[in-house]
Number of protein chains: 2
Amino acid sequence: MAATLKDVALAAGVSIKTVSNVINDYEHIRAETKQRVMEAISELGYSPNLSARSLRSGRTGVIGLAVPELSLSYFAELADSIIKAAERRGLKVLIEQTGGDRDHELDILSSPRLQMTDGLLFSPLGMSNEDAHHLNVNFPLVLLGERIFGGPTDHVTMSNVESARAATAHLLSKGRRRIAVVGGHRGEVIGSAGLRLRGYQLALEEAGIPFDPDLVAYTTLWHRANGATSMRELLASGVEFDAMFGMNDTLALGAMRVLQEAGRTIPDDVAVIGFDDLDEGRYSLPTLSTIDPGRDEIADTAVRILQERISGREGDVPPREFETRFQVIERESSALRE
Amino acid sequence: MAATLKDVALAAGVSIKTVSNVINDYEHIRAETKQRVMEAISELGYSPNLSARSLRSGRTGVIGLAVPELSLSYFAELADSIIKAAERRGLKVLIEQTGGDRDHELDILSSPRLQMTDGLLFSPLGMSNEDAHHLNVNFPLVLLGERIFGGPTDHVTMSNVESARAATAHLLSKGRRRIAVVGGHRGEVIGSAGLRLRGYQLALEEAGIPFDPDLVAYTTLWHRANGATSMRELLASGVEFDAMFGMNDTLALGAMRVLQEAGRTIPDDVAVIGFDDLDEGRYSLPTLSTIDPGRDEIADTAVRILQERISGREGDVPPREFETRFQVIERESSALRE
DNA sequence: CGCCCATCCTACAACGTTGTAGACTCGCCT
DNA sequence: AGGCGAGTCTACAACGTTGTAGGATGGGCG
């Protein structure tokens with residue numbers, strides 16, 4: 001059906017290798033020959049068979065991206081950034097959803113299906129630091145996220161502790177002293193929840209405010225529903241607070257909704273800040289203060305170093321850690337006179 | 001590096017074709033031989049080279065999905081559903097972002113890069129009905145969305161007219177008579193905006209209410225910002241209305257936010273309904289009434305018929321149109337005594 | 001004049017897989 | 001006994017591409 005090098009070669013009266021050379025911009029070709037080949041190519045509508053090319057070269061030009069779910073806005077926006085970054089580097093992205101499930105994640109690391117790709121950007125949620133050794137795979141892998149640190153691969157992550165500290169400090173700077181936290185994971189030390197909670201505690205410590213465990217609401221997932229439920233629990237518990245730090249924007253928005261239902265005014269009664277800088281927070285009522293974790297920078301760095309590993313130039317460079325710059329974004333939900 | 005059939009064959013003391021047969025579950029193999037091969041396979045950690053396989057078979061097991069942007073929640077949730085539907089059928093999904101740009105869209109239809117896939121799910125935004133002939137491509141293609149009707153390919157779409165009519169009828173049933181519309185596209189007949197506006201008009205007609213052009217706010221894109229801007233314009237224009245139909249949830253949420261800023265109570269002053277059933281609308285304040293367009297059904301149907309076309313069993317079946325079932329979902333933003 | 005080198009092109013093999021054709025062994029039927 | 005079909009396995013070619021080795025031509029230089 002589709003034209004091959006052979007067809008073009010026949011039409012142009014040259015060998016297939018010459019056609020291949022034309023396509024690959026080989027230098028030493030007579031202008032006239034080149035022209036003739038080009039004409040044959042466009043006449044036959046030839047375009048190279050990528051499977052064959054990749055069989056020969058060992059490269060597919062495709063990278064895999066494994067995330068929990070695209071319906072979680074954070075990962076949708078991350079995927080968006082990554083696809084754009086990959087496009088700038090001539091790569092395509094194949095997306096795999098793990099559902100945040102550990103078994104599914106481990107599956108992907110060992111699955112042969114992934115061989116249609118040159119490397120993998122991997123953002124686990126179910127795996128924990130003890131699973132780090134599973135990252136020892138024989139294909140290029142760049143780890144994203146906050147579940148595993150010190151693993152055997154390159155790792156790109158946001159500055160969780162620092163930025164959570166800045167978020168908390170921001171609320172403190174508004175005169176708030178009783179800051180609730182929504183989204184903790186019980187017992188977690190490493191992982192977004194653990195790290196961000198640590199940042200929160202550090203900020204309190206700096207301000208000389210004792211940590212009150214009753215102010216922390218724990219959730220399993222970080223969906224809107226969990227934010228809502230957590231906030232209901234906090235309110236029911238009767239604990240007092242004048243601010244809230246949502247471990248991500250989605251949680252914060254879910255919680256904010258419940259706060260308002262309960263008649264609390266934001267930011268006057270409760271000042272709120274989230275984390276992730278989702279587009280959604282720009283149009284909520286009130287607009288949501290947040291941490292911009294530098295998503296584009298994460299995407300760009302991740303794709304760049306994955307490509308470096310794929311090209312093999314860095315063969316024996318030891319695993320590297322990258323932390324991106326963050327920024328506190330003040331919007332209405334925390335806009336109080338300082 | 002990686003083991004090949006040859007290595008396995010050598011280790012098991014059989015021909016490579018026998019190994020291939022074992023892998024492909026060929027019937028007539030002695031149990032003992034099979035066992036020996038299996039052992040060699042797991043010992044060497046062999047897994048088939050998909051590029052070679054796809055060169056031989058002409059299939060990659062990957063389908064493409066071209067959408068405007070994943071950061072638009074609707075497309076993120078659509079992609080989520082499609083990836084899941086594809087997984088159920090043993091397919092992987094490669095995602096391409098067009099930015100809703102016509103040139104980029106046309107590019108994809110002619111691009112050789114797509115040859116790493118067996119077929120394409122294509123959701124254009126920039127192309128219009130006059131571009132329909134560009135869909136005449138030599139690879140399996142299933143069209144999604146509302147930009148092009150009657151094109152040369154299979155098409156899966158939601159019931160735009162019917163569901164917009166139902167949405168409008170819902171507001172009418174709440175006693176509302178002046179229903180503003182946010183998200184019109186000037187002059188558009190075909191396309192989500194055109195069709196949904198038509199549904200709106202049909203509902204009015206049925207209720208014997210004259211159509212007032214001043215109630216329609218036009219936008220270019222359907223982002224939150226556009227919903228917000230449109231609503232500001234409507235308010236500034238001084239036109240009176242007691243309800244609003246947002247052509248999608250994102251617009252509705254952006255507009256709702258402005259309405260509330262302006263001191264209007266929802267749903268008492270203005271009843272609101274959107275379109276898409278985004279997760280976000282479940283946790284907004286107030287929660288957003290909407291149309292569930294049957295996203296999972298769209299995804300499932302689209303992947304199914306694409307796979308049918310890929311398998312070629314339907315060689316000469318003419319292009320088919322599929323319309324999914326929709327549902328009106330009433331939430332707080334339109335919850336009035338009837 | 002003869003040699004060498006650059007230019008331009010070609011033949012062939014190889015990447016790892018699967019389809020095709022066929023070899024060989026049995027047991028069973030005629 | 002001979003033939004036939006089913007079961008088991010193998011050799012070979014082919015998918016479309018690119019790397020390698022090398023052939024042919026012509027110009028420059030000793």
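Here is the naming used below: chain letters follow the sequence lines, and residue numbers restart at 1 for every chain.
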Distance only, no hydrogens: is a donor on one side chain within 3.5 Å (strictly under) of an acceptor on the other, for Glu146(A) and Ser192(A)?
->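 Glu146(A) vs Ser192(A): donor-acceptor pair found between side chains.
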So, Ser51(A) and Ser54(B): side-chain donor and acceptor under 3.5 Å apart, yes or no?
->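 Present: a donor and an acceptor within the cut-off.
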With a cut-off of less than 4.0 Å, is there a side-chain N or O of [X] near OP1 or OP2 of [N]?
X        : N       : answer
Arg30(B) : dC9(D)  : yes
Ser51(A) : dT17(D) : no
Arg53(B) : dG16(C) : no

Heavy atoms from C-beta onward define the side chain here; which of [options] lies closest to that of [X]?
X        : options                   : answer
Pro48(B) : dT10(C), dT18(C), dT17(C) : dT17(C)
Asn49(A) : dG7(D), dT17(C), dT17(D)  : dT17(D)
Ile29(B) : dT7(C), dC9(D), dT20(C)   : dC9(D)
Ser20(B) : dT10(C), dT18(C), dG7(D)  : dT18(C)
Thr4(B)  : dG16(C), dT18(C), dT10(D) : dG16(C)
Thr33(B) : dA11(D), dT17(C), dT8(D)  : dT8(D)

Rounded distance (Å) that lies between atom [atom2] of [N] and atom [atom1] of [X]:
X        : N       : atom1 : atom2 : answer
Glu32(B) : dT25(C) : CD    : C1'   : 16 Å
Ile41(B) : dT17(C) : CD1   : C1'   : 13 Å
Leu55(A) : dA14(C) : CG    : C1'   : 9 Å
Arg56(A) : dT17(C) : CZ    : P     : 15 Å
Leu5(B)  : dT17(C) : CG    : P     : 4 Å
Tyr26(B) : dG7(D)  : OH    : P     : 9 Å
Asn21(A) : dT10(C) : CG    : P     : 9 Å
Ile16(B) : dA14(D) : CD1   : P     : 15 Å

Just how far is it from atom NE2 of His104(B) to atom OG1 of Thr98(B), taken to the nearest 0.5 Å?
->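 It comes to 6.5 Å.
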Rounded to the nearest 0.5 Å, what separation is found between the OG1 atom of Thr117(A) and the NZ atom of Lys92(A)?
->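 Nearest 0.5 Å value for the OG1-NZ distance: 15.0 Å.
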5'-most by nearest nucleotide on DNA chain D - Thr18(B) or Ile23(A) =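 Result: Thr18(B).
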Say whether, by atom type as modelled, one donor and one acceptor occur between the side chain of Arg320(B) and the main chain of Asp154(B) under 3.5 angstrom.
->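 No, because the side chain of Arg320(B) does not come within donor-acceptor range (under 3.5 Å) of the backbone of Asp154(B).
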What about Lys6(A): does its side chain form a donor-acceptor pair under 3.5 Å with the base of dG16(D)?
->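 Per atom types, no contact qualifies.
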